[in-house]
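Taking it in order: structure first as structure tokens, then the write-up.
When reading the values below, keep in mind they use all heavy atoms of this one structure, side chains included, and skip hydrogens, waters and symmetry mates. Numbered from 1 within each chain, the chains take letters A, B, ... in sequence-line order.
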Amino acid sequence: MHDAKPFLRALLEADLPLPLVHFDSMLAAWIVNPAQRAPSLDDLAYRELGIEVGAVDDAGESTAQGAFEFDETAIDLETPARRALAVAELVDGITEQMEARGGNELFSTIEMPLIPILARMEYDGVGLDSAFLTSVGVDLAGRVATLEGEIHSLAGRPFNVNSTLQLRSVLFDELGLPVIKKTPKGVPSTDASVLEKLSDQHDIVAKLLLFRELDKLRSTYVEALLKLVGHDGRLHGRFNQTGAATGRLSMERPNLQNIPARSDEGRAIRKAFVAGDGATLLVADYSQIELRILAHLSQDSGMIEAFANDIDIHAATAARVNGVPTESVSDDMRRTSKMINFGLLYGMEAYGLAQRLDIDREEAQHHIDEYFAQFPEVKAYMAGIVEEARGCGFTTTILGRRRYLPELNSQNARDRQMGERMALNAPIQGSAADIIKKAMIDLDANLVERSLGGQMILQIHDELVLEVPLEEIDEVTALTIATMEGVASLSVPLKVSYGVGPTLADAGH
DNA sequence: CAGGGATGCAA
DNA sequence: TATTGCATCCCTG
């Protein structure tokens with residue numbers, strides 16, 4: 001099949017048994033080159049076979065809901081038939097390409113087995129308390145309207161606060177506030193980091209920040225979610241298995257991987273995600289998985305030791321960098337080390353660290369130098385990975401997932417540096433994706449083996465959300481943690497923390 | 001109405 | 001001028 005998941009989901013909706021799918025040409029083409037998101041059968045057949053399978057309408061292709069809906073008066077059997085034949089013709093060629101790129105095992109042991117699991121997760125969906133969420137929306141709308149009035153008064157005239165064009169005139173032309181930075185197009189920026197720097201200059205600025213925050217929550221996380229609730233009162237987002245070049249999943253309609261978590265208002269929205277009757281939610285997340293992978297890949301003895309002792313990794317790195325005992329680490333020392341730890345995962349440079357810590361570039365460089373002096377294997381690993389990727393053209397994860405980076409040899413310095421950052425990040429983010437995908441496959445099998453009713457319903461990059469019958473919660477919690485922690489044996493332990501509760505807010509931690 | 005830019009949410 | 005995504009709003013053509 002090409003893109004089997006919507007078909008499997010349609011079978012679940014029709015209460016029909018699922019066939020075993022052996023080969024998904026969309027996934028296979030993505031393994032060969034993860035830069036092409038959702039390779040279409042049209043393009044593949046033309047490129048690999050020189051065949052024109054013809055444009056597909058939504059009758060032959062999966063519809064938005066994943067069901068096959070035929071107009072019975074005008075069934076086109078020819079196009080689906082040509083497409084089916086094209087998939088069959090593609091199998092050998094793409095398999096050879098996967099083989100040549102070392103991707104066959106990843107394909108057959110991770111990506112293919114994940115398809116029916118994701119189909120089931122989409123089919124099950126997650127419960128939404130629409131009445132509660134509606135009341136959150138009413139509250140937010142009221143506060144937003146009040147703020148809008150106050151902003152208009154302070155500006156001296158009404159304008160559309162959501163229009164950056166109009167807001168720019170108000171702030172920089174009419175109120176005379178200083179321009180802090182410009183957008184890539186060269187016009188004055190009004191983004192949150194700019195507003196934060198202007199907050200002591202005019203009362204309007206704090207109102208604007210709050211307006212943006214609350215209106216974002218209202219429009220994106222209240223209105224949008226309510227529109228997508230199914231007839232069963234649940235949200236059935238779609239997982240995109242080929243959406244991220246690093247190997248992560250992505251999600252859409254809705255994207256439940258970016259539900260607010262930090263502010264109080266964000267947590268109110270998380271309260272609307274609920275378990276069904278007689279069930280509860282279990283949220284299990286890998287603790288610092290990317291830094292643990294960095295410790296493993298770099299074999300840095302200091303970092304491995306910190307994880308082996310299971311101490312707060314940001315405090316532990318701060319202690320080492322500053323040459324003090326862990327208990328003497330100040331808040332500021334920990335904050336700096338935490339920023340560098342995160343920056344390492346993204347291919348940080350001094351400029352970026354300086355921005356985030358609001359310090360000079362020179363001072364940021366000094367912090368980075370001190371860090372690398374204490375973690376020399378990390379420094380060597382970072383340098384080596386870029387060099388290796390430049391040589392062979394790709395990076396590799398612990399399960400052999402490759403990301404090709406032609407940018408590394410670009411004539412354009414900006415593109416080349418982007419390639420270097422991607423080379424630094426891809427093995428780490430990609431290995432984390434490998435690990436949680438394997439955990440999903442193992443956990444699904446373990447739940448079935450023990451005849452448990454607990455089901456995975458969401459994956460949010462380093463965490464799994466399960467809906468669990470109340471009477472099973474202890475057994476499923478223990479099984480989930482053991483499975484997630486046991487999927488890989490790295491040079492540092494994998495650690496899982498968890499929370500349980502009737503809503504996503506209660507189960508969070 | 002499609003598409004791009006700006007913005008902001010998550011890990 | 002730190003990685004990966006997706007959604008919203010505004011604005012233009």
Side-chain angles (χ1 to χ4, degrees), chain A residues 34-35 37 159-168 181-195 208-209 211-225 227-228 237-240 242-263 265-266 269-270 283 285-291 294 339-357 361 364 368 382 395 403 405 413-414 417-430 432-433 436 458-464 504 508:
Chain A
R37 314 167 37 149
F159 67 102
N160 183 343
V161 183
N162 269 322
S163 164
T164 46
L165 191 68
Q166 295 178 36
L167 180 59
R168 215 159 25 232
K181 73 167 181 183
K182 296 191 172 177
T183 71
K185 299 277 286 180
V187 296
S189 167
T190 68
D191 73 16
S193 72
V194 167
L195 295 183
L208 285 168
L209 282 165
F211 174 94
R212 284 238 180 104
E213 181 186 347
L214 299 185
D215 199 49
K216 170 90 176 178
L217 293 173
R218 187 195 56 75
S219 63
T220 307
Y221 298 106
V222 176
E223 307 252 314
L225 292 183
K227 281 185 198 152
L228 291 169
R238 302 194 318 226
F239 290 98
N240 187 350
T242 62
T246 54
R248 273 188 177 184
L249 299 176
S250 70
M251 204 180 173
E252 61 188 349
R253 300 189 44 155
N255 177 8
L256 297 177
Q257 293 180 320
N258 70 345
I259 300 300
R262 285 163 194 169
S263 67
E265 290 82 3
I269 288 168
R270 291 204 162 210
V283 177
D285 69 282
Y286 282 113
S287 167
Q288 303 292 357
I289 189 170
E290 293 190 341
L291 281 172
L294 176 59
M339 285 291 185
I340 297 180
N341 282 333
F342 277 114
L344 287 173
L345 307 174
Y346 303 145
M348 165 189 62
E349 288 164 42
Y351 179 90
L353 182 67
Q355 287 292 301
R356 278 163 185 76
L357 289 173
R361 212 201 71 91
I368 293 172
M382 302 301 248
T395 60
R403 179 173 187 182
L405 292 168
R414 221 188 89 80
Q417 284 170 5
M418 185 68 179
E420 289 170 7
R421 292 195 296 274
M422 292 188 289
L424 292 169
N425 173 261
I428 299 169
Q429 190 183 118
I436 196 164
L458 290 176
Q459 187 255 46
I460 311 176
H461 309 310
D462 67 352
E463 79 184 36
L464 296 176
L504 215 48

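Note on Arg218(A): nothing from the nucleic acid sits closer than 4.0 angstrom, heavy atoms only. Using a 4.0 Å heavy-atom cutoff across all strands shown, Asn160(A) reaches sugar-phosphate atoms only and no base atom. Residue Glu349(A) is out of contact with every strand shown, counting any heavy-atom pair closer than 4.0 Å. Residue contacts shown for Met339(A) include a base, since a base heavy atom lies under 4.0 Å away. Within the 4.0 angstrom heavy-atom criterion, only backbone atoms of the sugar-phosphate kind lie near Ala192(A); the bases stay farther away. If you check every strand for non-hydrogen atoms under 4.0 Å, Gly343(A) touches a base. Residue Gln355(A) is classed as having no contact, given no heavy-atom separation below 4.0 Å to the nucleic acid. At a threshold of 4.0 angstrom between heavy atoms, the contacts of Ile259(A) are confined to the sugar-phosphate backbone, with no base atom among them. Counting any heavy atom pair closer than 4.0 Å across all strands shown, Asn258(A) reaches a base atom.
Between dT4(C), dG8(B), dC11(C), one nucleotide has an atom nearer to the side chain of Gln429(A) than all others, and that is dT4(C). For Ala245(A), whose side chain is taken as the heavy atoms from C-beta onward, the closest listed nucleotide among dT1(C), dG5(C), dC6(C) is dG5(C). Side chain of Asn425(A), nearest nucleotide from dC6(C), dA11(B), dT3(C): dT3(C). For Arg421(A), counting side-chain heavy atoms from C-beta on, the closest listed nucleotide (dC10(C), dG5(C), dT3(C)) is dT3(C).
With respect to Thr190(A), the side-chain hydrogen bond (donor to acceptor under 3.5 Å, both in side chains) criterion is satisfied by exactly one of Arg212(A), Arg168(A), Lys181(A): Arg212(A).
An OP1 or OP2 oxygen of dC9(B) is reached within less than 4.0 angstrom by no side-chain nitrogen or oxygen of Thr220(A). Regarding contacts with the backbone of dT4(C), a side-chain N or O of Arg403(A) is found under 4.0 angstrom from either OP1 or OP2. Residue Asn255(A) has no polar side-chain atom (N or O) positioned under 4.0 Å from OP1 or OP2 of dG5(C). Contact annotation: Gln166(A) side-chain N/O to dC11(C) OP1/OP2 distance is under 4.0 Å. When the side-chain nitrogen and oxygen atoms of Arg248(A) are compared with OP1 and OP2 of dG5(C), none of them lie within a distance under 4.0 Å. Contact between the side-chain N/O atoms of Ser163(A) and the OP1/OP2 oxygens of dC9(C) is not found at any separation under 4.0 Å.
If you take CG of Leu256(A) and C1' of dA10(B), they are 11 Å apart, rounded to a whole angstrom. Here dG5(C) presents its C1' atom at 14 Å from CZ of Phe239(A), a figure rounded to the nearest Å. Rounded to whole angstrom, the span from the CG atom of Leu228(A) across to the C1' atom of dC6(C) amounts to 12 Å. Spacing between atom CG of Leu225(A) and atom P of dA10(B) amounts to 14 Å, rounded to whole angstrom units.
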Candidate pair Ser287(A) and Asp285(A), rule side-chain hydrogen bond (donor to acceptor under 3.5 Å, both in side chains), full reasoning = CA-CA 6 Å; Ser287(A) 167; Asp285(A) 69 282; over 6 Å; no
Expected list for residues 339-354 of chain A: side-chain donor-acceptor pairs under 3.5 angstrom, two or more places apart:
| unit_1 | atom_1 | unit_2 | atom_2 | d |
| --- | --- | --- | --- | --- |
| Asn341(A) | OD1 | Tyr371(A) | OH | 2.5 |
| Asn341(A) | ND2 | His314(A) | ND1 | 3.0 |
| Asn341(A) | ND2 | Thr317(A) | OG1 | 3.1 |
| Asn341(A) | ND2 | Ser337(A) | O | 3.3 |
| Tyr351(A) | OH | Gln355(A) | NE2 | 3.3 |

Under 3.5 Å, which N/O atoms of the protein pair with N/O atoms of nucleotides 2-6 of chain B?
| unit_1 | atom_1 | unit_2 | atom_2 | d |
| --- | --- | --- | --- | --- |
| dA6(B) | OP1 | Thr183(A) | OG1 | 2.9 |

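Considering only residues two or more places apart in sequence or on other chains, Phe159(A) meets the ring-ring contact (aromatic ring centres under 6.0 Å, His included) condition with His152(A).
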